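Shown next, in structure tokens, is the structure this report addresses.
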Number of protein chains: 2
Amino acid sequence: MEHLPARPGRTQEDRSAATRASLVQATLSLLLSKGYAATTAVDIAAHAGMTRGALNHHFASKDELVIAAFDLHLALVTTDIRSYAGLVSAGALSLNDFIDRVWTIMSGRFFMLTLEEITAARHNDYLRVQLAGRTRIFHDALDGIWNHFFAQTGLAGAEIEVMLNATLCLLRGMGVQTVLRDDPVYYRRLLQFWKTVMAEQIAAAPHAAMKPPRKEPRR
Amino acid sequence: MEHLPARPGRTQEDRSAATRASLVQATLSLLLSKGYAATTAVDIAAHAGMTRGALNHHFASKDELVIAAFDLHLALVTTDIRSYAGLVSAGALSLNDFIDRVWTIMSGRFFMLTLEEITAARHNDYLRVQLAGRTRIFHDALDGIWNHFFAQTGLAGAEIEVMLNATLCLLRGMGVQTVLRDDPVYYRRLLQFWKTVMAEQIAAAPHAAMKPPRKEPRR
DNA sequence: CAAAAAACATACAACCGCGTATGTATGTAT
DNA sequence: ATACATACATACGCGGTTGTATGTTTTTTG
């Protein structure tokens, strides 16, 4: 590939940032489409429209790139969740809607990034340590959002967290299953079941006297 | 490596079966320790105590080996679950104990095989089709076991299945998380929460008049 | 017991991804 | 304008994986 003219007005910092962003985006995209193992440095560079030399200049190794992609991934997800929380505060999103949205995330192609990252981290000590730390921060942020979400239900903090995490784990487990099981009815039933359970849990909660959410009839 | 003397009494079929089993076992083991991508034909052969020529003689490709390993994996898990179901029938296993045991599976190293298989299947059409079919059969078998498990509670079939699958999905999602989050307290809380939910669901079920499980069961 | 077939072992060639080294262009400071 | 730093490109060699081809041992067959 030839040298691009590279508009003269740009500062080094600009170029650098743009290049890095482009590389990280390409990494994210390739992790999704080809998986961690099959994603090669040449691929990433090509996808980002540059050579391996450039890549190597900005990121010492593929892992550094994957970590940056992980950061981007978490940032995107956090933004989503936060916006949902905003909608909830504004009264524009019910509990059921919230669950549906999280499921949209978990069942989407984008969620599969998580699997790639996790399986990669499992066999790579450095990667695992890096991602684990970031995961912890991410979950703390989620807890904050969730607490805010459920503040109006009057639930205790510990209960809020356990319900958040149960929801996420359930949907995550369902999301994992979508790879080998294509059965929309099955997932819809699970979602419905979970919504019912959540509603019951909230209604039965000790401090839920003030604003009990509408309880849906069983089944 | 030298030729092993190979006891003369064995028939070709015996040798073949033993070799294949050895290769499949080695594949399973390596998928766990190194992951799908890093597992190479040379590795597998070496672990099985033979050369790549032997491997290639019995399995045309790595994928065939992985599929065989998947079969073995499912067979082992099914055996476990079935034995648990047997204990339940014999009155030797409560619902809580059952959940604990499934969690032991999901949080164990062995469960990570699932992640390896799934992420591998995601980028390999042939593998995905093969594993998906086997997964379907596996779940049908599970449904059978589960129905038997809950027969005494008087729950309807559809409810049994949804509760089974919710349990599995929840624990699977938790299992996935163990890679990047080491927090026993966190998982214990989730388990406790789920046991409570399950007990409530069973108690509140329409036909649960005959043998409602005790709330704090201790055989 | 000889021949065939199956179960293995060994060897070689080709490819691929990676690290590294080194060259060139562009921006920046003085 | 010169010198230096940064951003990128190109090239080479190494290790590792795979496919294939071919040799050797064990079992079965007649």
Side-chain angles (χ1 to χ4, degrees), chain A residues 1-27 30-31 33-68 116 120 123-124 126-127, chain B residues 1-27 30-31 33-66 68 120 123-124 126-127:
Chain A
M1 184 171 289
E2 291 297 305
H3 278 199
L4 293 181
R7 298 152 294 184
R10 303 169 71 198
T11 175
Q12 299 268 51
E13 206 175 337
D14 287 342
R15 293 208 308 169
S16 187
T19 300
R20 289 177 63 93
S22 180
L23 286 168
V24 172
Q25 179 57 49
T27 305
L30 284 170
L31 283 180
S33 58
K34 310 180 70 173
Y36 175 83
T39 295
T40 158
V42 181
D43 270 339
I44 297 175
H47 250 71
M50 64 199 61
T51 65
R52 229 159 61 74
L55 181 147
N56 213 272
H57 176 71
H58 289 285
F59 295 91
S61 70
K62 186 171 122 180
D63 283 344
E64 298 299 331
L65 220 24
V66 170
I67 291 170
E116 296 297 336
H123 309 290
N124 186 322
Y126 176 65
L127 204 56
Chain B
M1 183 170 291
E2 290 297 304
H3 278 200
L4 293 180
R7 296 153 295 183
R10 304 167 72 200
T11 176
Q12 297 268 52
E13 207 176 336
D14 286 343
R15 294 207 308 168
S16 186
T19 301
R20 290 177 61 94
S22 180
L23 285 168
V24 172
Q25 178 59 48
T27 305
L30 284 171
L31 283 180
S33 58
K34 310 181 68 173
Y36 176 83
T39 296
T40 158
V42 180
D43 270 340
I44 297 175
H47 250 71
M50 64 199 61
T51 64
R52 226 159 60 75
L55 182 146
N56 213 271
H57 178 69
H58 289 285
F59 294 91
S61 70
K62 185 170 122 181
D63 283 344
E64 298 299 331
L65 220 26
V66 170
H123 308 290
N124 186 321
Y126 176 65
L127 205 57

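From a predicted model like this one, the values you see are computed outputs, not experimental measurements. Just so it is clear, the values below take in all heavy atoms, side chains as well, and ignore hydrogens, waters and symmetry mates. Each chain gets a letter, A, B and so on, in the order its sequence line appears, and its residues count up from 1.
Using N1 to N3 plus N6-O4 or O6-N4 for Watson-Crick, or N1-O2 and O6-N3 for G-U wobble, each under 3.5 Å, C:dA6 pairs with D:dT25. C:dT22 and D:dA9 make up a base pair, with Watson-Crick or G-U wobble contacts both under 3.5 Å.
Side-chain N/O atoms of A:S61 include none lying less than 4.0 angstrom from OP1 or OP2 on C:dG19.
For the pair B:F59 CZ and C:dC8 P, the computed distance is 11 Å after rounding to whole Å. Remark: P of C:dG17 and CG of A:L30 are 12 Å apart, rounded to the nearest angstrom. Rounded to an integer number of Å, the gap from A:H57 NE2 to D:dA5 P is 13 Å. Going from atom CZ of A:R20 over to atom P of D:dA7 covers 9 Å, rounded to whole Å. B:M50 has its CE atom 21 Å from the P atom of D:dT24, to the nearest Å. The interatomic distance linking B:L55 (CG) with D:dG19 (P) rounds to 10 Å, in whole Å. To the nearest angstrom, P of C:dC8 lies 16 Å from CD1 of B:I44. A straight line from NZ of A:K62 to P of C:dC16 spans 16 Å, rounded to a whole angstrom.
Nearest-nucleotide positions on DNA chain C place B:H58 closer to the 5' end than the other of A:G53 and B:H58.
Residues B:T39 and B:V66 fail the side-chain proximity criterion, which asks for heavy atoms closer than 4.5 Å.
For D:dG19, the base has a donor-acceptor partner in the side chain of B:R52 [N/O atoms by modelled type, under 3.5 angstrom].
Heavy atoms only, all atoms of each residue included: B:A41 and B:L55 are closest at O-CD1, 3.6 Å.
Counting only distance, with no hydrogens or angles, the side chain of B:R20 and the backbone of B:H58 share a donor-acceptor pair below 3.5 Å. Judged purely by atom type and a 3.5 angstrom limit, B:K62 uses its side chain to pair as donor or acceptor with the backbone of B:Y36. Without hydrogens or angle criteria, A:S22 side chain to A:A18 main chain gives no donor-acceptor distance under 3.5 Å.
The A:T40 side chain lies nearest to C:dG17 when the options are D:dA9, D:dT20, C:dG17. The side chain of A:R15 lies closest to D:dC8 when the candidates are D:dC8, D:dT20, D:dT18. Among the nucleotides D:dT10, C:dA9, D:dT18, the one closest to the side chain of A:T51 is D:dT10.
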